[in-house]
Amino acid sequence: LKVNRVGASEVRRPKGCALALESAMTTIVCAISGQPPEEPVFAPRTGHVYEKRLILKNIESAGKCPVTKEDLSANDLVDMRANKAVRPRPAAATSIPGMLTLLQSEWDALMTETYELKTHLDTTRKQLAHALYQHDAACRVVARLLRERDASRAQVAQLQEQLANSRPVAPGAAVAGGDEPEMGLTGEIEKRMTECMKELSKTRKKRQFPDLAPVADVKRLTSVGSHPTHQSTAPGILCVDVHKMDDSRIVTGGVDTQVLLFDAQKEKLVQKLIGHSKKVTSVVHHPHREVVLSASLDATARVWVGTHSDWRGAYSCGHVVRKHRSEVTDLSFHPLGDYFSTASRDKSWGLHDLTSGRVVLHQENLESPYCCMKFHPDGLILGGGCDDKNIYIWDIIQRKLVAKLQGHEAEVASLGFSENGYYLASGSRDGAVKVWDLRKPVNIQTLMVDGPVNSVRFDSTGQYLAAGANAIHVFNFETKASLTSTCELTDHQAPVMGICFGQHARSLTSVSMDRTMKLFKIQ
């Protein structure tokens with residue numbers, strides 16, 4: 001006899017068990033677990049359906065039916081055929097509340113598993129980010145070490161070349177040191193300086209500047225390049241100078257004790273001049289020779305001489321001036337090009353021979369330390385700014401003070417003579433830029449800027465004046481004795497320490513404590 005019930009199960013049974021089987025098959029669930037069996041068996045003796053694996057375990061252990069307690073053996077069990085392709089549906093799934101309960105349970109399990117996966121993903125992301133950060137930091141350290149290694153190798157190579165090109169001091173020769181006797185201003189030197197002054201005075205009045213940038217063009221000065229040339233371990237560039245005949249030749253001095261030559265045309269570093277042991281305070285190009293001067297807080301000034309006709313070639317230290325007992329603050333070339341001046345905070349200034357490096361004149365034990373000093377374009381007078389707020393004008397030939405300019409309320413940090421020889425600009429820590437008429441001499445105008453003034457510079461024609469403070473301020477002569485603001489350049493992120501015009505005022509170079517050198521051009 002074949003009986004069809006839930007799950008399309010069918011069982012063969014003896015004829016005498018028809019009623020019992022009919023009752024059992026109405027709801028086929030395991031009599032032991034209460035769940036639909038995956039492998040059902042029927043026991044005619046007890047009339048119950050079991051999960052085969054469960055009843056076999058009970059028979060092996062007790063030999064009885066766990067429900068009726070009747071004796072039962074494996075031979076009493078009859079296999080029931082079931083469709084294994086379709087899993088038995090739990091009894092709870094036969095009603096809507098039961099199905100909702102099942103769905104809720106599955107949803108809770110899914111949410112728990114999703115949370116665990118998200119937690120694991122977040123942990124993995126953090127571990128990956130930490131590993132990537134460590135890798136990036138390691139790459140940065142390796143790159144910095146490689147740069148320092150290359151810089152050290154370049155310095156060693158340059159020092160070796162400088163040592164090979166240096167000239168030994170002959171026995172008995174004077175050393176440019178503290179006890180070196182002065183050469184003195186000989187009659188020949190005085191004659192040359194006087195003739196130079198007369199010649200320059202004649203030609204100065206006849207000079208014309210047809211290529212000078214008009215005010216409208218200067219107002220369009222725009223930064224076209226920013227170069228962090230000096231070392232980041234000692235940030236800050238303190239001074240700059242641009243060659244008078246070639247705007248692409250730039251020299252800078254920094255906190256890192258280095259003097260750097262930079263090619264603005266190719267926008268790359270040309271030479272590193274290593275020798276100073278402290279901050280470099282002043283640098284200046286020789287207008288006609290391959291010579292660079294540098295001054296430092298180490299109380300020395302150095303003469304760097306090019307060993308090749310090309311200015312991009314190697315330089316060697318030709319002379320070291322050790323005449324001063326304290327930091328050397330400023331340098332200036334005499335118009336002849338054969339002599340240069342040094343100013344120091346040891347209350348002295350000196351005049352030196354460029355060729356021999358010897359001291360021509362040393363004026364010491366003065367009233368106040370000198371912060372800056374420049375030659376007048378005629379070459380017979382020197383102007384020096386001091387920390388006593390005054391400016392002192394010296395006559396070189398007579399070796400005496402000829403004028404004392406008063407008016408600043410703080411240390412005079414920078415001076416600049418106009419090329420026409422009539423005006424002197426001075427910048428002070430009080431944020432004032434004063435313009436003096438040397439023919440009277442009186443202060444004809446005071447210009448206030450934001451922050452202490454670190455540098456003032458006229459262009460080569462004397463028409464424009466630039467001041468470096470918290471920003472770059474450019475002024476122009478609106479009349480013969482009155483300046484007005486032309487533009488303000490705020491590209492630097494720190495105080496501007498040095499500025500210099502290019503030819504015809506069509507470019508401007510500046511350096512700052514933000515470790516950058518910026519190039520400005522008319523756009």
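Because the structure is a prediction, the values reported are computed rather than measured.
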> CZ/Phe458 to NZ/Lys374 distance, rounded to the nearest 0.5 angstrom?
Replying inline: 13.5 Å
>> Show, in sequence, the C-alpha distance, side-chain angles and deciding distance for His492 and Asp514, and conclude whether the side-chain hydrogen bond (donor to acceptor under 3.5 Å, both in side chains) test is met.
In response: CA-CA 7 Å; His492 283 290; Asp514 62 8; 3.1 Å; yes
> Taking all non-hydrogen atoms of both residues, which atom of Thr355 and which atom of Asp353 are closest, and how far apart?
Replying inline: N-OD1, 3.0 Å
>> Does any part of the side chain of Val321, heavy atoms only, come nearer than 4.5 Å to the side chain of Val328, both counted from C-beta?
In response: no
> Looking at side-chain heavy atoms only, is the closest gap between Asp378 and Lys198 below 4.5 Å?
Replying inline: no
> Is it the case that Trp304 and Ser294 place a side-chain donor and acceptor less than 3.5 Å from each other?
Replying inline: yes
> To the nearest 0.5 Å, how far apart are CZ in Phe262 and CD in Gln271?
Replying inline: 13.5 Å
> How far apart are the C-alpha atoms of Trp349 and Ser341, what are their side-chain angles, what is the distance that settles it, and do they pass the side-chain hydrogen bond (donor to acceptor under 3.5 Å, both in side chains) test?
Replying inline: CA-CA 7 Å; Trp349 59 266; Ser341 66; over 6 Å; no
>> Please report the interatomic distance CD(Gln445) to CG(Asp437), rounded to the nearest 0.5 Å.
In response: 12.0 Å
>> With a 4.5 Å cut-off on side-chain heavy atoms, are Pro377 and Phe417 touching?
In response: yes
> Taking side chain as C-beta onward, heavy atoms only, is Leu354 less than 4.5 Å from Val291?
Replying inline: yes
> In Å, rounded to the nearest 0.5 Å, how long is the span from CG of Asp346 to NE2 of His324?
Replying inline: 6.0 Å
>> Please verify the inter-ring angle class for His286 with His288; under 30° counts as parallel, over 60° as perpendicular, anything in between as tilted.
In response: perpendicular
> Strictly by modelled atom types, are His473 and Ser485 linked by a side-chain donor-acceptor pair under 3.5 Å?
Replying inline: no
>> Run the side chain to side chain contact (heavy atoms under 4.5 Å, CB included) test on Asp387 and Ser368 for me, step by step, so that the C-alpha distance in whole Å, both residues' side-chain angles and the decisive distance to 0.1 Å come before the verdict.
In response: CA-CA 7 Å; Asp387 66 357; Ser368 180; 2.6 Å; yes
> Sub-3.5 Å donor-acceptor pair from the side chain of Thr203 to the main-chain atoms of Glu199, do we have one?
Replying inline: yes
>> Between Asp217 and Arg220, is the salt bridge (Lys or Arg N to Asp or Glu O under 4.0 Å) condition met? List the steps.
In response: CA-CA 5 Å; Asp217 288 352; Arg220 300 201 310 269; 3.0 Å; yes
> What do the steps show when you test Val433 against Leu465 for side chain to side chain contact (heavy atoms under 4.5 Å, CB included), and what is the final call?
Replying inline: CA-CA 10 Å; Val433 177; Leu465 172 66; 4.0 Å; yes
> Do the side chain of Thr281 and the main chain of Leu297 share a donor and acceptor less than 3.5 angstrom apart?
Replying inline: no
> Given side chains that start at C-beta, do those of Leu185 and Val360 come closer than 4.5 Å, heavy atoms only?
Replying inline: yes
>> Could you check whether any side-chain N or O of His408 sits under 3.5 Å from a backbone N or O of Lys389, counting only pairs where one atom can act as donor and the other as acceptor?
In response: no
> Can we call the ring centroids of Phe477 and Tyr423 under 6.0 Å apart?
Replying inline: yes
> Out of Cys239, Ser344, Ser282, which residue meets the side chain to side chain contact (heavy atoms under 4.5 Å, CB included) rule with Asp330?
Replying inline: Ser282
> Are any side-chain N or O atoms of Asp263 and backbone N or O atoms of Val270, one a donor and one an acceptor, separated by less than 3.5 Å?
Replying inline: no
>> Would the distance check show the side chain of Thr490 and the main-chain N or O of Ala471 forming a donor-acceptor pair, the cut-off being under 3.5 Å?
In response: no
> Can Arg192 and Asp338 be said to form a salt bridge (Lys or Arg N to Asp or Glu O under 4.0 Å), step by step?
Replying inline: CA-CA 10 Å; Arg192 290 185 61 199; Asp338 296 332; 2.5 Å; yes
>> Any side-chain to backbone donor/acceptor pair from Tyr464 onto Ala213? Under 3.5 Å, distance only.
In response: yes
> Could you walk me through whether Arg144 and Glu148 pass the salt bridge (Lys or Arg N to Asp or Glu O under 4.0 Å) check?
Replying inline: CA-CA 6 Å; Arg144 177 175 58 82; Glu148 292 179 355; 3.1 Å; yes
> Donor-acceptor pair, Asp211 side chain versus His504 backbone, under 3.5 Å?
Replying inline: no
> How far does NZ of Lys219 sit from SG of Cys487, to the nearest 0.5 angstrom?
Replying inline: 9.0 Å
> Closest approach of Ser510 and Val496, non-hydrogen atoms and distance?
Replying inline: CB-CG1, 4.2 Å
> Looking only at heavy atoms, which two atoms of Met517 and Ile250 are closest? And how far apart?
Replying inline: SD-CG2, 3.7 Å
>> Can you tell me which residue among Val283, Leu331, Val259 is in a side chain to side chain contact (heavy atoms under 4.5 Å, CB included) with Leu293?
In response: Leu331
> How are the rings of His352 and Phe340 set relative to one another: parallel (under 30°), tilted (30 to 60°) or perpendicular (over 60°)?
Replying inline: parallel
>> Please check this pair: side chain of Arg358 against backbone of Met183, looking for a donor-acceptor N/O pair closer than 3.5 Å.
In response: no
> Heavy atoms, side chains only, cut-off 4.5 Å: are Val240 and Thr252 in contact?
Replying inline: yes
> Can you find a pair of side-chain heavy atoms, one from Leu351 and one from Glu182, that are under 4.5 Å apart?
Replying inline: no
> Is there a donor-acceptor pair closer than 3.5 Å between any side-chain N or O of Thr194 and the backbone N or O of Glu190?
Replying inline: yes
> Is there a donor-acceptor contact under 3.5 Å linking the side chains of Ser507 and Lys521?
Replying inline: no
>> For Gln134, is the CD atom crowded, meaning more than 12 foreign heavy atoms sit under 6.0 Å from it?
In response: yes
> Is there a side-chain contact between Leu146 and Arg149 (heavy atoms, below 4.5 Å)?
Replying inline: yes
> With distance as the sole test, does Ser512 use its side chain to make a donor-acceptor pair with the main-chain N or O of Pro495 at under 3.5 Å?
Replying inline: yes
> Any luck finding a side-chain donor-acceptor pair between Thr446 and Lys434 under 3.5 Å?
Replying inline: yes
> Above 12 or not: heavy atoms from other molecules or residues under 6.0 Å from CD of Gln406?
Replying inline: yes
> Above 12 or not: heavy atoms from other molecules or residues under 6.0 Å from CZ of Arg125?
Replying inline: no
> So how far is it from Leu238 CG to Ser296 OG, rounded to the nearest 0.5 Å?
Replying inline: 9.5 Å
> Would Arg506 and Asp459 pass as an ion pair if we require N to O under 4.0 Å?
Replying inline: no
> Taking all atoms of both residues into account, what is the closest heavy-atom pair of Pro235 and Val255, and its distance?
Replying inline: O-CG2, 3.6 Å
> Do you know which two heavy atoms are closest between Phe520 and Ser223, and how far apart they sit?
Replying inline: CD2-N, 3.4 Å
> Do you know the tightest heavy-atom contact between Leu508 and Val474?
Replying inline: CD2-CG2, 4.5 Å
> Stepwise, does the salt bridge (Lys or Arg N to Asp or Glu O under 4.0 Å) test hold for Arg325 with Glu364?
Replying inline: CA-CA 11 Å; Arg325 298 184 301 275; Glu364 52 187 339; 3.5 Å; yes
> Salt bridge between Arg249 and Glu290, side-chain N to carboxylate O under 4.0 Å?
Replying inline: yes
> So among His230, Lys279, Gln231, His276, which one has a side-chain hydrogen bond (donor to acceptor under 3.5 Å, both in side chains) with Asp256?
Replying inline: His230
